[in-house]
Each structure stands twice: as C-alpha cells, then as structure tokens.
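Each ligand, and each atom within it, is numbered from 1 in the order the structure gives.
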Amino acid sequence: MDMSMRHTLLGLFLLASLFSGNAQVKYLFETPTAILRPTRYQLPIGGSVTLSCSVEGSGNWTILWYSAASFGSKEEPMTEYEGKKAIIVSQRGLYSCRGRSDSGRHTYNSDKAIIKDTLPITAILTIQPNWTRIYMSEAFTVRCEIPGGEGTYWSYDWRPERFTTYYTTNERTFYNVGWEDNGNYQCRGNMGLSLTEWSNVIPVTISFKLQPVLTVSPSWLSPGASVTLSCEIEYPSEGWSFYWYKAIPDLDIKEEAYKYELLPDGSETAQTLYIITGQTHTAAYVCRAQRGRNYYYTYYSKPKFVWSADLYSAASLTVGPVEQRLSFDFVRLTCKGNSTWWRVRKFPENSVPYCSNVWNLGESVCTLYTKASYSDDGVYWCESMSKQFSNAVNITLQGM
Ligand SMILES: *[C@@H]1O[C@H](CO)[C@@H](O)[C@H](O)[C@H]1NC(C)=O
Ligand SMILES: *[C@@H]1O[C@H](CO)[C@@H](O)[C@H](O)[C@H]1NC(C)=O
Ligand SMILES: *[C@@H]1O[C@H](CO)[C@@H](O)[C@H](O)[C@H]1NC(C)=O
Ligand SMILES: *[C@@H]1O[C@H](CO)[C@@H](O)[C@H](O)[C@H]1NC(C)=O
C-alpha cells in the first residue's frame, strides 16, 4: 500500500464517521422539523386544548406559533406566544409552529393541527324502514338531519367507524345486508372547522332469515266446516304481506318433499289468516311472508295438515286386523288407489313408519308392530306419486 492510498482511506474513514448517525453532527447539516401535538381535536363547547411543539434533537430553538382562522385563509403569527413550548387554545383554527435558532435559522414548519369546535346542535339520525328487526339480505336507509342547518353545505360523519368516510349526502342505504352491517349507527354534521354533536344512537342488529309457523285448525275435517290457516311471524304488522300455498306431494324430488301451489287469492294478503271452505280430502298447506322494496321473502313454513277420516277411491289407507306371528303381533297399513308409488307419512314425525312396499296392483303395505314403543302411536296417511293424499287414521298401537 503506498502513501497516497493510505491518505485516501483515512479521508473516507473521517467522512464516514461524520455521517454515521451521530445526531449532534447530523443537525449541523440537516434542517429539523417541528412537531405539533395533537394534530386533530374537537373542542367541546366552551372547552380548550393544549398544543405542544417540539423540535427533534438538541439545539436551543425558540418556538414560533402560527394560526389560520379557516381552511384557505392566511396564516398569521401568534407573537404573544413566541418562545412557549405549549399553549392553550379555545378557538377553532389551523395551528402550526416552527423553531428559530439564536443565529436566525428556522426549522421546517410542523404539520397543521386541525382544531374544530362544536356547535350547540345535535344531529338527528332516523332509520327507514324503522322495523324492530332487520333480516339478512333486507335493505335499510339511515338519514342524518341537522336541526336549523337547512341551506348549508354540510358533509356528514358516520358511525360505525368504518363508514366515517367524507360524505356529502345525508342518506346512506345499505342493500342486501349481512352481519358486517351490525352496529350502533350515529352521524354528525361537519362543515369547515365546525362539527355538530353526535346524533342519537340507532342500534342495528341483523337477524337470521325468518321461518313463519303455520297452524291449521281444526286438524280433522268435519263436513261443511271451514278450515282456518294462521301464519305466525314475530312483529306481523311491520310491513309484512302473506302468501298461502297448497302443498302437493312430489315423490320425484326427494323423500317427503312437496311442491307449493298458490291458493286462490293467496298472494300479498294483508291478513295473517286464510280461510278455506269446501275442502273434502286430506290436504297440506304452507305459508310465507314478504316485505320491503327489494321483495324480501321469509322461508316457507313447514307444511301443516288437515286430515280427513273419510275413505275415497283415488287414495285410501286401510288398517288391517291384528295378526300374530310367533312372538309378535302386527297390523298392516295398506295404501291403495290410482298410483303405483306411495309413501306413508306419520304425525308426529318422531318415528319413521317401516314400510315393506309392494308396488303391484297399486298397493303399498306397511307393517307396524303393536308392542312397539309409544312413539309409533300417531296419525298415519299415504301420499301418492299421482299427487294425492289418502284419508288419515289415528293409530294407538298400545291399545291393539
Ligand atoms: C437559549 O436561548 C435563550 C434565548 O435566546 C437564552 O436565554 C438561553 O441562555 C439559551 N440557552 C442555552 C442553553 O444556550
Ligand atoms: C317509525 O316510523 C314511523 C313513521 O315513519 C313513526 O311514526 C314512528 O315514530 C317511528 N318509530 C320509531 C321507533 O322511530
Ligand atoms: C287415475 O289416473 C288416471 C291417469 O292419471 C286418470 O285419467 C283417472 O281419472 C284417475 N282416476 C281417478 C279415480 O282418480
Ligand atoms: C289421536 O288419538 C289420541 C287418543 O285418542 C289423542 O290423544 C290424540 O290427540 C289424537 N291425535 C290427533 C292428531 O288427533
């Protein structure tokens, strides 16, 4: 290594140590920035806030303060506060600060602190429709009113926080709502450096899709009597209309499935009751409810039955005599009529009838054991592939 190279290396070493992050050295070369806290604040009515200004690193800085009365207006020095590291302000405005050294150098200006005041106005939040519950995939609108604030160009802040984006309309509609729309809703007006008080809180809880409960009375058809269907739902008067259907056995789809056919004048009824006259055979009914601008429907209710004890030719259920075989007694239920394919149904549905189906001659036979459990007691009937219900029989096996 020759002498000149040695000198170059020494020079590089000295230069490197000078810039090696030693703050004292650094601020000899770089202009520091003043830091002002807090950067945003809402003054309560009659309240004040302490602003503090600091300059990073060492050095003897004199703090200078500035303020502007509104967005876009000129910044004026606040000479009365010169040299104070913290000041108390009770006026809305944009505030900033910087440092000045003995030698007359200046730091960079701080960011502007946005200090807003509070107007003696409370925003009013309303919700439409104002139903007790809102269900999954319904829609609702919240609306923010500023009393006495007509003719003024407000923007609106919203809660929950995720909606607090700058908004210039006072209405927000949420379509096809889901769990993420749950929350406590609130709003306030925001204009220049003034805010209103936050509005009342409207809690919104999105509920699961509803399933109404249908009741049919009486359960057994009596000749000439009418049958009353009643569709029950929570808060039935909150905008619901009701739809009424006849359930038709559909053996094509799957076990125990039905197709639904609207009853005459059975759509968009305002009543929770539907009266049927002239029904002579066993039948099943279903209801559901609908409301709202975007046609929100509930689930269909479970099918409910009105049973007829009268035999008729298209579909019949007959119960045979008690037969004996070695150690057990049993009865045969026979479905017969204008169909080759049947299924046997039972109410209550706490047990499934055991059926050894015989397809020939349009018959299907079920075997019920008479010493079986009490859960086999119940009302039995047949449903055919040709969409018919048989008469129904109330069987108490224990008594046989
Ligand atoms: C800082 O500056 C002020 C005013 O210029 C002076 O009175 C004070 O002695 C200085 N302090 C130091 C440590 O230099
Ligand atoms: C719901 O709205 C109706 C009419 O818009 C209004 O009369 C009623 O007071 C409101 N109820 C609530 C709890 O806001
Ligand atoms: C039996 O079914 C056939 C064909 O589906 C139909 O034409 C006939 O009217 C039915 N008879 C009765 C008694 O329902
Ligand atoms: C079936 O008959 C039993 C005994 O008489 C009675 O307790 C029960 O309520 C009846 N079931 C129906 C659905 O009518």
Side-chain angles (χ1 to χ4, degrees), residues 211-233 244-251 255-260 263 272-288 299-324 328-337 342-355 364-384 387-400:
Q211 183 176 37
V213 174
L214 180 68
T215 54
V216 171
S217 79
S219 299
W220 292 90
L221 271 176
S222 37
S226 58
V227 179
T228 301
L229 311 183
S230 165
C231 198
E232 281 165 45
I233 199 174
W244 307 90
Y245 305 86
K246 198 165 196 170
I248 313 287
D250 190 352
L251 277 62
E255 196 81 11
E256 297 190 22
Y258 298 89
K259 273 183 188 159
Y260 304 139
L263 286 164
T272 59
L273 297 180
Y274 186 98
I275 313 267
I276 291 173
T277 51
Q279 179 63 35
T280 53
H281 301 330
T282 299
Y285 301 98
V286 160
C287 72
R288 65 173 172 169
Y299 289 115
Y300 290 98
S301 71
K302 288 198 170 128
K304 286 291 167 62
F305 300 87
V306 56
W307 295 299
S308 165
D310 294 339
L311 279 175
Y312 58 106
S313 59
S316 67
L317 171 66
T318 51
V319 182
V322 176
E323 296 175 45
Q324 285 167 348
F328 53 85
D329 299 345
F330 63 97
V331 292
R332 283 181 206 276
L333 306 188
T334 306
C335 300
K336 197 169 181 172
W342 300 88
R343 67 178 171 219
V344 174
R345 296 234 28 209
K346 169 179 175 290
F347 173 87
E349 292 177 52
N350 53 1
S351 69
V352 180
Y354 170 74
C355 297
S364 173
V365 176
C366 279
T367 305
L368 300 181
Y369 298 96
T370 62
K371 299 284 193 303
S373 73
Y374 282 102
S375 67
D376 285 342
D377 289 355
V379 178
Y380 288 80
W381 68 97
C382 306
E383 294 173 358
S384 79
K387 305 184 190 317
Q388 268 151 333
F389 291 95
S390 74
N391 56 300
V393 181
N394 188 352
I395 299 174
T396 308
L397 289 161
Q398 300 301 310
M400 287 183 162

Asker: Please say which of Tyr380, Trp307, Trp220 ends up in a ring-ring contact (aromatic ring centres under 6.0 Å, His included) with Phe347.
Answerer: Trp307
Asker: Trp220 heavy atoms, cut-off 4.0 Å: which ligand 4 atoms fall inside?
Answerer: 12 (C), 14 (O)
Asker: Which of the numbered atoms in ligand 4 are below 4.0 angstrom from a heavy atom of Val379?
Answerer: 12 (C), 13 (C)
Asker: Can you name the nearest heavy-atom pair linking Gly378 to Pro348, along with the distance?
Answerer: CA-CD, 4.3 Å
Asker: If you measure from the Lys or Arg side-chain nitrogens to the Asp or Glu carboxylate oxygens, is any gap between Arg345 and Glu349 under 4.0 Å?
Answerer: yes
Asker: Does a donor on one side chain and an acceptor on the other come within less than 3.5 Å for Tyr258 and Glu383?
Answerer: yes
Asker: Do protein heavy atoms approach atom 14 (O) of ligand 4 to less than 4.0 Å?
Answerer: yes
Asker: Does the gap between the ring centers of His281 and Tyr312 come in under 6.0 Å?
Answerer: yes
Asker: Does the protein put a heavy atom less than 4.0 Å from atom 9 (O) of ligand 4?
Answerer: no
Asker: Would you say the ring centers of Tyr285 and Tyr245 fall short of 6.0 Å from each other?
Answerer: no
Asker: Nearest protein heavy-atom contact for atom 4 (C) of ligand 4: which residue, which atom, what distance?
Answerer: Thr396 OG1, 4.4 Å
Asker: Going by the atom numbers of ligand 4, which of them fall below 4.0 Å from some non-hydrogen atom of Asn394?
Answerer: 1 (C), 2 (O), 3 (C), 8 (C), 10 (C), 11 (N), 12 (C), 14 (O)
Asker: Need the ligand 4 atom indices (1-based, order shown) with element for anything under 4.0 Å from a heavy-atom of Trp307.
Answerer: 13 (C)
